[in-house]
Amino acid sequence: MNTTIDKENRYCAHNYHPLPVVIARGEGVWLWDDAGNKYLDMMSAYSAVSHGHSHPRMVKALTAQASRLCIASRAFYSDTLAPFLEKLCSVTGMDVALPMNTGAEAVETALKAARRWGYNVKGIPAGKAEIIVSRGNFHGRTTTIISFSSDEEYKQGFGPFTPGFKDVPFGDITALEAAITPNTCAFLTEPIQGEAGIVLPPEGWLKQVQALCRKHNVLLITDEIQSGLGRTGKLFAFQHEIDRPDALILGKALGGGMMPVSAFLARKDVMDQFTPGSHGSTFGGNPLGAAVGLEALRVLEEEKLTERSAELGAYLKDRLRGLNSPLVSEVRGKGLWIGMEIDPAKAAARTVCEKLMARGVLSKETHHTVVRFAPPLIITKEQIDSAVNAVREVLSELAEVKKRA
Ligand SMILES: *Cc1c(COP(=O)(O)O)cnc(C)c1O
């Protein structure tokens with residue numbers, strides 16, 4: 001019995017089902033448990049640790065700012081926010097940014113902006129604005145956001161839900177066109193669905209979506225909280241197909257593996273819907289988060305993490321496909337963001353993760369059938385090789401068990 005695990009189970013809410021490992025330290029792509037065992041992190045906290053654990057430049061930026069000024073509130077201007085948001089607008093190509101903390105808050109900000117824009121600019125009658133989303137989406141856990149989730153597990157017992165949302169199958173342009181009405185203010189989507197199991201839409205879909213949204217004066221809002229900042233081999237996943245969306249949501253890696261930093265970015269006419277007092281967050285845009293966010297963007301650029309993601313992601317995908325395991329029905333993804341679909345008749349994705357853990361590789365299943373590989377973008381080819389070896393051993397062991405059964 002591990003007393004740390006027992007204690008966490010005793011005092012912490014059971015809203016997660018963690019693998020039985022107690023993480024005590026992290027450095028780069030590595031994690032150590034409380035007994036000193038070392039693991040390769042193939043999960044990077046759902047992309048929040050794209051820079052690697054305790055990146056020296058991130059630690060330096062964090063500690064330097066922490067000893068100078070952490071929290072000022074936006075009741076005043078602070079000297080770190082403008083440089084951060086200037087850089088953020090410049091790398092995204094968006095006009096204006098609104099800083100928040102967690103991803104869900106930035107999504108909520110997007111929903112509010114879209115509705116106001118719908119009323120004030122598009123002229124939708126009061127209370128009638130509709131937002132279309134993709135089925136299978138993951139945008140966070142607030143009551144409004146789960147209202148348009150298609151996952152019963154996220155919703156059961158949490159109603160009544162917020163009205164004003166419609167969903168269409170992910171990647172289905174015909175269904176989207178059919179769902180648009182004069183009251184539609186926005187289409188909100190992930191360019192690639194992360195929590196759904198790293199699901200890619202048909203090629204060309206986002207480009208068609210952009211054209212359709214323009215035709216009907218509907219805002220295209222992409223949620224790149226997980227796919228953004230290099231994860232898919234482009235700085236933003238939308239760049240695989242379009243110049244820029246009308247609004248963009250970022251989080252996770254924006255905090256450089258240090259702390260929650262998120263942002264809603266948009267065209268000026270959309271952001272102008274926010275007036276003093278209409279929206280806010282006590283911690284949003286705090287000096288510590290702004291300094292960390294700025295350094296996170298600089299490190300991404302200067303260490304060419306996006307380029308690494310493109311190159312090493314293609315390599316990892318090839319190597320996983322090359323395993324040709326009968327247990328695996330598909331290996332898909334873009335950049336260092338890969339889902340390995342396990343045939344549920346042959347093995348459980350969780351079993352694969354547990355066995356990988358025993359071999360020093362940490363990942364986490366999603367939706368019971370997918371093992372995800374999303375390491376820090378600083379990973380090397382040799383480290384990928386060692387992870388693939390562990391995957392090969394686990395898959396052949398499980399194939400043996402299945403054969404004997
Ligand atoms: C993680 C995630 C969110 C929610 O972010 P939190 O920081 O957990 O609130 C929203 N959208 C996407 C695409 C995500 O992956």
Side-chain angles (χ1 to χ4, degrees), residues 13 15-16 18 43-50 92 98-114 131 133-151 153-155 158 165 167 170-171 186-201 206 220-232 234-238 240 245 247-265 281 283-286 289 292-293 296 333-339 363-367 370 372-374 377:
N15 57 330
Y16 279 84
M43 171 74 197
S44 42
Y46 308 87
S47 276
V49 189
S50 287
T92 57
L98 196 161
M100 296 296 276
N101 311 284
T102 66
E105 291 171 306
V107 173
E108 288 278 352
T109 304
L111 301 175
K112 284 169 132 181
I131 295 174
V133 299
S134 292
R135 210 162 292 157
N137 68 72
F138 183 85
H139 296 290
R141 301 292 199 161
T142 66
T143 319
T144 289
I145 292 172
I146 61 162
S147 298
F148 53 84
S149 167
S150 31
D151 193 325
E153 204 180 353
Y154 298 167
K155 304 177 77 157
F158 296 139
F165 300 96
D167 67 359
F170 181 58
F187 175 54
L188 165 69
T189 192
E190 299 154 90
I192 294 174
Q193 290 187 326
E195 291 312 294
I198 311 182
V199 180
L200 286 86
L206 196 63
L220 169 57
I221 308 175
T222 54
D223 177 349
E224 296 235 24
I225 290 170
Q226 196 164 156
S227 62
L229 300 170
R231 181 51 61 190
T232 70
K234 296 264 187 202
L235 192 51
F236 302 102
F238 72 74
H240 290 285
L248 172 67
I249 310 166
L250 298 176
K252 292 191 171 130
L254 194 55
M258 298 278 115
M259 60 184 294
V261 180
S262 71
F264 168 67
L265 294 117
S281 158
F283 289 98
N286 68 79
V292 161
K334 262 199 162 88
L336 281 168
W337 205 29
I338 294 170
S363 181
K364 182 74 163 54
E365 79 281 2
T366 175
H367 280 250
V370 184
R372 77 173 97 203
F373 296 102
L377 307 182

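Ligands are counted one by one from 1 in listed order, and the atoms in each one are counted from 1 as well. Basis for what follows: all heavy atoms, side chains included, without hydrogens, waters or symmetry-related copies. If you're wondering where the values come from, they're calculated on a predicted model, not measured in any experiment.
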Can you pull out the closest protein heavy atom to atom 9 (O) of ligand 1? Residue, atom name and distance to 0.1 Å, please.
-> Ala104 N, 2.8 Å

Report yes if some heavy atom in the side chain of Val370 is under 4.5 Å from a heavy atom in the side chain of Ile198; otherwise report no.
-> no

Parallel, tilted or perpendicular: rings of His139 and Phe148 (30°, 60°) | tilted

Taking Ser363 for its side chain and Arg372 for its backbone only, find out whether a donor-acceptor pair lies under 3.5 Å.
-> yes

Note: ligand 1 atoms sitting under 4.0 Å from heavy atoms of Thr102 are 7 (O), 9 (O)

Check if Lys252 has a non-hydrogen atom at a distance under 4.0 Å from any atom of ligand 1.
-> yes

Does Gly140 reach ligand 1 with a nitrogen or oxygen that is under 3.5 Å from one of the ligand's nitrogen or oxygen atoms?
-> no

Using modelled atom types only, decide if a donor and an acceptor are shared between the side chain of Gln226 and the backbone of Ser47 within a distance under 3.5 Å.
-> no

Geometric N/O contact Glu190 with ligand 1, under 3.5 angstrom | no

So is Tyr46 close enough to ligand 1, meaning a heavy atom under 4.0 angstrom away?
-> no

Region of Arg141 engaging ligand 1 - heavy atom pairs below 4.0 Å | neither

Is the side chain of Ser150 donor-acceptor paired with the backbone N or O of Gly136 at a distance under 3.5 Å, no angle test?
-> yes

Ignoring hydrogens and angles, tell me if any N or O in the side chain of Ser134 forms a donor-acceptor pair with the backbone of Asn137 under 3.5 Å.
-> no

Gly103-ligand 1 polar pair, N/O distance under 3.5 Å | yes

Does ligand 1 have an atom under 4.0 Å from some heavy atom of Glu195?
-> no

Looking at atom 11 (N) of ligand 1, what's its closest protein heavy atom, distance included?
-> Asp223 OD2, 2.7 Å

Can you check whether Phe138's main-chain N or O pairs, donor with acceptor, with Glu190's side chain at less than 3.5 Å?
-> yes

